[in-house]
Amino acid sequence: MNATFALIGNPNTGKTSLFNALTGSYQYVGNWSGVTVEKKVGTLHHNMGTLVDLPGIYTMNPISADEAVVSNYLLEEPTTPVLNIIDTSQLKRNLHVTIQLLERNRNVLLCLNMIDVANERGIYVDNNRLSSLLNIDVTPIIARKEQGIDNIFHGLNQLHKSTTPLVLYYGSIVEKGITSIEKKLSDLNGDINTRWLAIQYLQGNRQIENKLSSSNCEIAKIRDDTEKQLQFKEGNITLAYHIMNVRETFIQSIVDQVITIKKEPKVFMSEKIDQIVTNKFLGIPIFLFLMYMIFMVTFNWIGFPLSDLLDVFLTDMVAVWFENVLAILQVNPFIESVILEGIIGGVGGVLVFTPQIFILFFCLSLLEDSGYMARITVVMDRFMQAMGLNGKAFIPLIIGFGCNVPGIMAARSIEQERDRLITMVMLPFMSCSARLPVYALFISVFFKENQALIALSLYVLGIVIALLLAKILTSTTFKKEKSLFIMELPPYRMPQWRTLWRATWEKGKGFIRKAGTFIFGGSVIIWLLTYMGPGGIDVPMDESYLAQIGAYIAPFLAPLGFGTWQAASSLLTGFLAKEVVVSTMSIIYAAPEVQMQGLLAEYFSPLTAYGFMTFILLYVPCLATVAVMKQETHSIKWTMFAILYGLVMAYIVTFLIIQCGRILGIA
Amino acid sequence: MISWVIGIVIFGYAAWTLIQHARKSYKGKCAACELRKYCEEDCESPNNYNDKNLLGK
């Protein structure tokens, strides 16, 4: 079967969980709004066709960039059957999208998700009654637990049978306007429902306006006349408000007939927890404490012990095995060197920190799946407001802790253009997981006593610098525009091991893949640059090309306390990806990680090591981040600004740290 | 002979991974999206940021 189905619903109703359950694929699932900012396509089980996961919407009329995707999709694919997922405990609000879908056609299967949460809240929905009132199939499900999934497959099979759209009566004036517009659209090709188009046009859907741009003048006049007549009759209301009001009345009549409330309203556990974790005074300390605990687990408690074991495995077993094999094969010294020093040294130096990466991803997934991450946006809203933004902008920033690239993509869910742009420019200061190996390396050498605290301080420093940038931008370039914050808080829930494991693995395997691909490639090239020099091949390291390149930059870094060619070339290669800094160091110091730690102590002091980590945190974004920023902003100017601002801030902040440290007598 | 083969494999693969990385970075995530045709304006950017609309001129 080669059918295509679209998955549509409000934000945070479990669309991505359902998508994963129906397709068997894994997509990133988050317990907050705005996870899906792009569309995802998966193959349905039982050879049922393909399923398209679209971003969450509250109405067809798009506000933010990602929401526009849904309207465009429905326009371009007028007959595609829709799987409409709704949060059962928020039935009334969710039905607004359902009604608009049904006005398009009745090729809709309604999934009442999270019926368990609704029942816990004393909300019971009569599925059969709802089904007969809307004249579509209704299926109760619990997507996270994959309950009711078989019924969906059965429902999808029946979908093509009914196509008659829902017709709501919007009153004589609006109906006249709809009919007039429909007449103007009569020559429109394709299977698109012209009544739906007319209603969407009247309610001000920008995407529909663009679609109908050819006949815009005539139908625009119809819309204006209709609105004037409506206002003459009903007072100062807009067409969009009137249309929404008619739907609201219809939805209320449905809700009254299908919902039974069996419990008295009470303060739910989520709300009790929220009173503490989003408290004005306790919110930030709780957030910092949780981050501190994450770093304790990532470094002190589990990360480093596992890392040490992995290091022993790589140096004592893998490297020795390769040495033996190469001896048997009698390869020349050049090949032996590139394998042992370049590949095993460079790639192995990064792979050693795999446990920390996985643990960090696990902890972040835990916070996210439990619903706590969404609260951080509320906690941070006050700070963000002070900086001229709002809490919603903090969601992409948190995603940026994993990797800056999806963070920049996630900024699409921000409605205001200026907030979106500022957020994208702020993102490179969020300490992504690629920087973790660098911290892990230096922390393991210089800060054994305060590992978690040092890591936390770097993450907080990144946030502070990002907020500072926001303040500068909102009080200069963008000061005329206002921003607003509407955030729906998901209920707290017990994280599921399967979701956690999948999320951790999917993110963590990206790190291993990087190690096997461009970190490998980078290591080989870097090794080659250390092996060759103006004097020929196999030159001493200090006379290599890499040393020469680094030597040009080193004087600029001297005021920062790490003006060596080794540090300079490591920073340079970090543009490819931040992990490559560790690969480069592993190759330059031409020693397995354990010995390299000893060598590092000769070149860095604890103060300059902290300065170096600060520099790594703030200086230029990696290649992938720069590219995606260029695409998302469509502006070379802003991309260059992000790079230069980072470089300047890195220099100033590191300089201040080093100088203040020296004044305070810290080595 | 074996050294030559290993050398070609290693350096060939290294060059390929770096070219791929640069190419993928340049294209961004949208290039791989099956539904990019439904995006507003074009795949890469739903909003075209330029001086005009940013500064509200």
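Protein chains get the first letters and strands the later ones, always in sequence-line order, with residue 1 at the start of each.
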Just by distance, no angles: are the side chains of A/Thr573 and A/Thr584 close enough, under 3.5 Å, to form a donor-acceptor pair? yes

Checking side-chain polar atoms at under 3.5 Å, does A/Thr4 have a donor or acceptor matched by the opposite partner on A/Thr80? no

[X], part contacting chain B, at a heavy-atom distance under 4.5 Å:
X: A/Leu75; value: neither
X: A/Leu329; value: both
X: A/Ile519; value: neither

Give me the ring orientation class for B/Phe11 and A/Phe334: parallel if the planes are under 30° apart, tilted from 30 to 60°, perpendicular past 60°.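 The arrangement is parallel - the two ring planes meet at less than 30°.
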
Show your working on side-chain hydrogen bond (donor to acceptor under 3.5 Å, both in side chains) between A/Ser337 and A/Trp527 and close with a plain yes or no. CA-CA 9 Å; A/Ser337 180; A/Trp527 172 86; 3.1 Å; yes

